[in-house]
Amino acid sequence: MSDNQKMADKAVPVLRFEDFGLAEKILRALNDQGYTSPTPIQQQAIPVVLQGRDVMGAAQTGTGKTAGFSLPVIQVLLPTANTSMSPARHPVRALILTPTRELADQVADNVRNYAHYTGLRSAVVFGGVDMAAQTTALRAGVEILIATPGRLLDHVQQKSVNLSQTSILIMDEADRMLDMGFLPDLQRIINLLPQKRQNLMFSATFSPEIKKLAATILNNPVTIEVARSNATADNVSQAVYQVDEADKSGAVAHIIQSQNLKQVLVFTNTRIGASRLTRLLEKKGIRSTAIHGDKTQPERMAALEAFKQGEIDALVATDVAARGLDIAELPCVINYDLPFTAEDYVHRIGRTGRAGASGDAISLYSAKDERSLADIEKLIKRKLPRTSLTGFDGKKSFSERSVQRQREGGHGMTSSGKRSDRSPYKSVVLERKGKHDPWFDKPYEPSSSSSAEVKEDSKSVEKSPKKKVAALLGGLPKK
DNA sequence: AAAAAAC
């Protein structure tokens, strides 16, 4: 349990969903899903959204963010539900925007479940798939629409959707949308909405650009902040293995095979790298599939589904899968490449250890990655003990390696998936580097600059594309 | 640097 969770438990007497005054139709759906008590972000967000206030929320999916905004939105929209008394065609009342197609699909799944008994209709539109089915759904009328920006604008242009009565706008992963250059699209979409509306914006960071966007879009927002839950959570162990660049794919295969891992998400930095690693793993008999932007959307969806169903062992992904994706009980994430930004590291490893489960995050690094690793440690305010990983069939011969030390047994995960020790992988041959105990992630304070503002002065926010973003923000309609 | 996103 995170510190944040503990604090929330102390501050708020145990709440049940019933205590928010949510309709019985919604509570029944929650009960179907097996949800009984709201998470900290839900406790904060639900009353505020029900009041009709704008929200600036800092939280990642997995904290219960999606339900945090969906449930109150559904409650607010109940009077507009499609009953026998009302006309068939309804305008879109709430619009949820997400940066990636998979995330849109996932949010739509959740919304559909929560709204199951309400008569409210939802639809999801994103690119890469046929428009016809989406158009049909839109023309039949939906109250809640989930979309990626580009395809939504496509539908707008084809006049299959009307946003003139969309009085609730939700921007999920807003910082990612800015990163991906969605600002002009956001601007166009917002121009189609009524001036008077409720705005909910969720972002992993409060960068200057996000604050600026919030200032132009949000109206006297309530700020809801749930601490970065996954990166520093006790339930995710973080291991960093030093490996020669040439040995990285062998190392991944070794980790998967020595532990008989059945569900592991492996991140690479490039699409080509993802495909290449997938082939290598397949060659070693590990059932693998790649998911990245060069794949067709049907391929991407099939890959994700096969992974969730346990039909493949390793899903090799670019950062398309880094954010928000909720894969139930995902036990392990491996960074084949360290991500370009420390922020992305947090998002990637946040795919595991969700909903209180334990998880392992393993990162491979080679000599060239020292700087990236230092950036990550600075962001998560924690030292990641470096460990050498040897004893597997790498390109370098076994004998070239320095002294190895076989860790004694009794570590790793128990059959129940609970951690019996901080050591994620008992059969891996390890070598201690440095003085610290490699099994414990000791919190530490970065030596330079104020710890609270680490992100602000990191070079990741100083890039030139951000300047373009700042310039574009000037063009947004003021309230 | 790379990735993501409409056709």
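The chains referred to below are lettered A, B, ... by the order of the sequence lines, with proteins before strands, and numbering in each begins at 1.
Applying the ring-ring contact (aromatic ring centres under 6.0 Å, His included) test to Phe202(A) and every residue at least two apart in sequence or in another chain returns Phe69(A). Residues satisfying the side chain to side chain donor-acceptor pair (under 3.5 Å) test with Gln257(A), not counting sequence neighbours, are none.
Proximity of Thr148(A) to the phosphate of dA4(B): no side-chain N or O atom is located under 4.0 Å from OP1 or OP2. Regarding contacts with the backbone of dA5(B), every side-chain N or O of Thr100(A) stays at 4.0 angstrom or more from both OP1 and OP2. Regarding contacts with the backbone of dA4(B), a side-chain N or O of Arg271(A) is found under 4.0 angstrom from either OP1 or OP2.
Ionic pairing of Arg382(A) and Glu377(A) is not present here: no N-O contact between side-chain nitrogen and carboxylate oxygen is shorter than 4.0 angstrom. Salt-bridge check for Asp175(A) with Arg323(A): passed, with a basic side-chain N closer than 4.0 Å to an acidic carboxylate O.
The CG atom of Asp130(A) sits 14 Å away from the P atom of dA6(B) (whole-angstrom rounding). Spacing between atom CG of Leu338(A) and atom P of dA3(B) amounts to 16 Å, rounded to whole angstrom units. Taking atom CZ of residue Phe182(A) and atom P of nucleotide dA3(B), one finds them 16 Å apart after rounding to whole Å. With rounding to whole Å, Asp294(A) atom CG is found 12 Å from dA2(B) atom C1'. Taking atom CD of Glu343(A) as the reference point, atom P of dA4(B) lies 18 Å away to the nearest angstrom. In this structure, CD1 of Ile146(A) is placed 17 Å from P of dA5(B), rounded to the nearest angstrom. Here dA4(B) presents its C1' atom at 12 Å from CE of Met177(A), a figure rounded to the nearest Å. The distance from atom CZ of Phe340(A) to atom C1' of dA4(B) is 13 Å, rounded to the nearest whole Å.
Among the atoms of the strands shown, only primed sugar atoms or phosphate atoms (P, OP1, OP2) are found under 4.0 Å from some heavy atom of Gly128(A). Residue Asn269(A) is in sugar-phosphate contact alone, with no base atom involved, counting any heavy-atom pair closer than 4.0 Å across all strands shown. Backbone-only engagement by Arg101(A) is indicated by non-hydrogen atom pairs under 4.0 Å involving sugar-phosphate atoms exclusively.
Figure legend: Lys248(A) and Tyr336(A) shown as a cation-pi pair, the cationic atom lying under 6.0 angstrom from the six-membered ring centre and within 45 degrees of its axis.
Between dA2(B), dA5(B), dA6(B), one nucleotide has an atom nearer to the side chain of Asp154(A) than all others, and that is dA6(B). Closest approach to the Arg300(A) side chain among dA3(B), dA2(B), dA5(B) is made by dA5(B) (side chain taken as heavy atoms from C-beta onward).
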